[in-house]
There are 2 protein chains.
Amino acid sequence: MEHRIDRIKKQLHSQSYKLTPQREATVRVLLEREEDHLSAEEVYLLVKEKAPEIGLATVYRTLELLSELKIVDKINFGDGVSRYDLRKEGAAHFHHHLVCMECGSVEEIVEDLLDDVEKIVQDDWGFQVKDHRLTFHGVCRQCQKEVAQTS
Amino acid sequence: MEHRIDRIKKQLHSQSYKLTPQREATVRVLLEREEDHLSAEEVYLLVKEKAPEIGLATVYRTLELLSELKIVDKINFGDGVSRYDLRKEGAAHFHHHLVCMECGSVEEIVEDLLDDVEKIVQDDWGFQVKDHRLTFHGVCRQCQKEVAQTS
DNA sequence: TTTATAAATTATAATGATTGTAATTGACAC
DNA sequence: GTGTCAATTACAATCATTATAATTTATAAA
């Protein structure tokens, strides 16, 4: 974990930003809850446990900054809030998401399944791809089981 | 155009909804501006030209309704607003989008490029896919040219 | 044609996420 | 130590969207 904090610190410094205590606390929350997809509000509440004096606006600004530096991905699943996800070490792209329409759970797919598709877009449309976002909506394994039982 | 209005009317009726004048005016705006990705506010302003007495809330409700019936797709490109897109006749899925990071333009890909990927998700993750959203971020053909010239 | 009923709409207020602002703090260079 | 600039705080403001209550419209029964 310290290693990753260090890396992020360097990334900030390379753009002449500092890793302030507030920013560090925010990053630590994101690292601890890496599996989740936290909203700004949720991050704020968790950071408050470490650093009670932090303001909500600071959390927003920090997440925005981390997002610009591609340290986190800002994603939106269609509920009213933006969610923030640490980008995997070395990943060039957003990872993909499986959103369950029954229970709302979100699974992640880290592998990049879109190399072929990306090539098609590049060649056929002349569009130079920098990044992509792919979300599947459907029914997760667990909910499929439950539906099968009750019917 | 009248044909498509008719079809939508039938789709509404099949769920016992009516095609009220306000709803019809809204659908007509969407048909006329099919290439665009209008926000609720933009739809509202355009509908007002046809039916000045319409309220913003009605536009929201109508778009929500059309969205539930899968007549339009509600999409979100990360700016603060939801955008609404008529679904192509007979299309089972969202179409994909190419969002240019330089000029903000949005191109559409109607073909479904994800059949293979969908199969992988289904087989390897046991996730039953109902729909998907795919957006590429990058540089469009036009902007690539301009960058090439100025450099 | 009246009357009853439910759906749809309007105008307006409320909500909730996010952003802006002015004042304050803190770190670092001179 | 003093000045400077970035970062933060507390709070106000904004903007998209949703809820509410009153009114209108459409439809069907009497």
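Computed from a prediction, not measured in an experiment: that's the story for all the values here. Letters A, B, ... mirror the listed sequences (proteins, then strands); counts begin at 1.
Checking A:Gln15 against A:Gln11 by side-chain atom types alone, no donor-acceptor pair falls below 3.5 Å.
In this structure, the CG atom of A:Asn76 is 13 Å from the C1' atom of C:dT18, given to the nearest Å. Put simply, CG on A:Leu19 is 18 Å from P on D:dA6, counting in whole angstrom units. Nucleotide C:dA17 holds its C1' atom 16 Å from the CG atom of A:Leu38, rounded to whole Å. Distance, A:Asp79 CG to C:dG16 P: 14 Å, rounded to whole Å. Distance A:Glu53 CD to D:dT8 C1': 10 Å, rounded to the nearest Å. Between the OH atom of B:Tyr17 and the P atom of C:dT9 there is a distance of 12 Å, given to the nearest Å. Computed from coordinates, the B:Lys18 NZ to C:dT5 P distance equals 16 Å when rounded to whole Å. One interatomic measurement links the two molecules: NE2 of A:His13 to C1' of C:dA27, which rounds to 12 Å at whole-angstrom precision.
Of all non-hydrogen atoms in B:Glu108 and A:Trp125, the two that sit nearest each other are O-NE1, 4.2 Å. B:Lys74 and B:Ser67 make their closest contact through CB-OG, 3.8 Å (heavy atoms, listed as atom of the first residue, atom of the second, distance).
Contact annotation: B:Gln22 side-chain N/O to D:dT25 OP1/OP2 distance is not under 4.0 Å. When the side-chain nitrogen and oxygen atoms of B:Thr20 are compared with OP1 and OP2 of C:dA8, none of them lie within a distance under 4.0 Å.
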Check against ring pair (Phe, Tyr, Trp, His ring centres under 6.0 Å), B:His97 and B:Phe77:
CA-CA 9 Å; B:His97 293 95; B:Phe77 291 133; 5.2 Å; yes
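Nearest to the side-chain atoms of A:Ile54 among the listed nucleotides D:dT9, D:dA7, C:dT10 stands D:dT9.
Between the CG atom of B:Asp73 and the NE2 atom of B:His93 there is a distance of 11.0 Å, given to the nearest 0.5 Å. We find the CG-CD distance between B:Leu46 and B:Glu41 to be 10.5 Å, quoted to the nearest 0.5 Å.
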Would you tabulate the nitrogen or oxygen pairs shorter than 3.5 Å linking the protein to nucleotides 15-21 of chain D?
{"from": "D:dT17", "atom 1": "OP1", "to": "B:Ser82", "atom 2": "N", "distance (Å)": "3.0"}
{"from": "D:dT17", "atom 1": "OP1", "to": "B:Ser82", "atom 2": "OG", "distance (Å)": "3.3"}
{"from": "D:dT17", "atom 1": "OP2", "to": "B:Tyr60", "atom 2": "OH", "distance (Å)": "2.4"}
{"from": "D:dT17", "atom 1": "O5'", "to": "B:Tyr60", "atom 2": "OH", "distance (Å)": "3.2"}

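For the pair B:Arg28 and B:Glu2, the salt-bridge criterion is met [side-chain N within less than 4.0 Å of a carboxylate O].
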